[in-house]
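In each ligand, atom 1 is the first atom listed, and ligand 1 is the first ligand listed. All residue numbers in this chain count up from 1 along the given sequence. Please read all numbers here as calculations on a predicted model, not as lab measurements.
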Amino acid sequence: MRAVIAVLPGDGVGAEVTTEAVRVLEAIAAAYGHEFEFREALIGGAAIDAGADPLPEATLELCRQSDAVLLGAVGGPKWSDPEADVRPEQGLLAMRKELGLFANLRPVVPHPELCTASPIKAELLRNVDIIVVRELTGGIYFGDKTQTNTTASDLCSYTTDEIERVVRVACRLAQKRRGRLTSVDKANVLATGRLWRITVDRVVREEFPDLSLEHLLVDAAAMHLLSRPADFDVIVTENMFGDILTDEASMLAGSMGLLPSASLGADGPGVYEPIHGSAPDIAGKGIANPYAAILSTAMLLRHSLNLNDEAVAVETAVAEAIDTGARTPDLCADSASAMSTRDVGTAVVSRIEHTRHALRA
Ligand code: NAD
């Protein structure tokens with residue numbers, strides 16, 4: 001297969017982890033006989049520094065012409081002045097809106113060897129396999145904003161169309177998994193929460209009656225995610241609740257550096273990125289964990305290029321690399337045994353190259 005992949009490293013550790021993700025995709029292309037063309041462009045603070053918008057028109061155009069987009073992370077202290085008119089995060093929000101990326105998929109599957117890296121008790125982590133589907137282009141992050149010196153407001157609004165389309169994505173995933181959907185809202189207090197709940201009930205009843213459906217208020221969900229994580233299969237929720245709950249869920253896996261994500265629209269390219277930010281505290285040190293970015297390539301292969309065997313090959317290579325101790329400092333109790341970003345990338349690439357030899361044998 002031939003595919004064009006836009007690569008947007010962004011800021012901080014974004015460039016370090018996407019470099020390893022691209023090496024992994026190159027290894028997959030070589031192993032399975034594909035031709036991937038990588039085209040790089042600016043986004044976020046790097047674009048602002050180059051004198052452009054946080055999402056330059058040329059970057060958006062490249063994304064539109066590509067089969068998929070691989071993103072690092074944006075932001076950092078250099079651009080975090082709350083008085084500034086232009087901020088790196090605007091680039092991300094604009095890209096989500098322009099590409100119509102309304103569904104954000106975030107799988108959380110703790111690796112058995114890393115249970116000790118999680119602050120949660122190991123016995124609670126057994127059999128945890130969750131995918132959170134977060135609505136990405138509506139809600140309070142996109143509503144009208146007002147601000148004076150003494151008052152501020154952010155509008156939270158949703159339409160039934162916006163709710164239905166993301167719920168359908170979650171339902172289809174649940175059908176292919178364990179058939180359980182948990183919908184998270186704040187229906188006891190918010191009008192948007194009540195519309196959310198009524199709409200989820202209707203979509204599941206009319207279109208996916210085979211699924212089991214549970215509703216949770218977001219405050220209870222935050223607690224249940226830690227007290228009974230293995231009970232969840234697919235969780236669907238609105239934009240801000242999804243943002244917060246997925247960071248919480250990342251602690252089940254042990255590190256922000258382990259969790260990938262996919263942002264999908266009705267058509268057009270999907271955007272694949274680690275859930276972590278630009279990690280300014282460790283940027284430039286060569287110690288950022290590249291697994292979240294590498295696992296994002298598995299989601300890219302599966303969801304945008306329909307290459308499931310290749311996606312599984314990446315996931316298997318990552319699991320084996322972790323098993324054999326290829327770990328950055330965030331995953332090591334003892335820093336003496338920690339590896340660099342590059343060496344962890346090499347550990348994954350060499351496993352994929354093994355697959356290549358096996359495929360040719
Ligand atoms: P962060 O995710 O960058 O970092 C939180 C903590 O996790 C830090 O201690 C960091 O060192 C650690 N961490 C993150 N990624 C890691 C990795 N790959 N390997 C090892 N450790 C890792 O969140 P933050 O500190 O709140 O934000 C920093 C900047 O990133 C801010 O400007 C924020 O706006 C931005 N941000 C961007 C995105 C994105 O681009 N999607 C997401 C979140 C935050």
**Student:** Should the pair Glu315-Arg302 be classified as a salt bridge under the 4.0 Å nitrogen-to-oxygen rule?
**Tutor:**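 The answer is yes: the pair qualifies as a salt bridge.
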
**Student:** Charged N to carboxylate O under 4.0 angstrom, Glu26 versus Arg23?
**Tutor:**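 Arg23 and Glu26: not salt-bridged.
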
**Student:** Please check atom 24 (P) of ligand 1 for a protein heavy-atom neighbour under 4.0 Å.
**Tutor:**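 No; the ligand atom in question lacks any protein heavy-atom contact below 4.0 Å.
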
**Student:** Can you tell me the protein heavy atom closest to atom 39 (C) of ligand 1 and the distance?
**Tutor:**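 Closest protein heavy atom to atom 39 (C) of ligand 1: Leu92 CD1, 3.6 Å.
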
**Student:** Are there protein heavy-atom neighbours of atom 43 (C) of ligand 1 below 4.0 Å?
**Tutor:**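 Looking at atom 43 (C) of ligand 1, one finds that a protein heavy atom does lie closer than 4.0 Å.
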
**Student:** With a 4.0 Å heavy-atom cut-off (strictly under), which part of Val74 contacts ligand 1: side chain, backbone, both or neither?
**Tutor:**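 The answer is both, backbone and side chain.
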
**Student:** With heavy atoms under 4.0 Å as the rule, classify the contact between Asn289 and ligand 1 as side chain, backbone, both or neither.
**Tutor:**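 Both backbone and side chain of Asn289 come within 4.0 Å of ligand 1.
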
**Student:** What do you reckon, does Gly277 have a nitrogen or oxygen under 3.5 Å from a nitrogen or oxygen of ligand 1?
**Tutor:**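 Yes, Gly277 has an N/O under 3.5 Å of an N/O on ligand 1.
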
**Student:** If you measure from each heavy atom of Ile282 to ligand 1, is any distance below 4.0 Å?
**Tutor:**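 For ligand 1, residue contact (heavy atoms, under 4.0 Å) with Ile282 is present.
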
**Student:** Name all residues meeting the salt bridge (Lys or Arg N to Asp or Glu O under 4.0 Å) criterion together with Arg177; count only those two or more places apart in sequence or in a different chain, and write none if there are none.
**Tutor:**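 Counting only residues at least two positions away or on another chain, Arg177 forms a salt bridge (Lys or Arg N to Asp or Glu O under 4.0 Å) with Asp129, Asp233.
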
**Student:** Taking distance alone, with N or O pairs closer than 3.5 Å, would you say Glu89 contacts ligand 1?
**Tutor:**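 Yes, Glu89 has an N/O under 3.5 Å of an N/O on ligand 1.
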
**Student:** Specify the protein heavy atom at minimum distance from atom 28 (C) of ligand 1: its residue, its atom name, and the distance to 0.1 Å.
**Tutor:**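 Scanning the protein heavy atoms, the shortest distance from atom 28 (C) of ligand 1 goes to Pro280 CD, 3.5 Å.
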
**Student:** How far is atom 31 (C) of ligand 1 from the closest protein heavy atom, and which atom is that?
**Tutor:**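 Its nearest protein heavy-atom neighbour is Gly76 N, 4.2 Å.
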
**Student:** Is atom 6 (C) of ligand 1 close to the protein, meaning a heavy atom under 4.0 Å from it?
**Tutor:**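 Protein heavy atom within 4.0 Å of atom 6 (C) of ligand 1: absent.
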
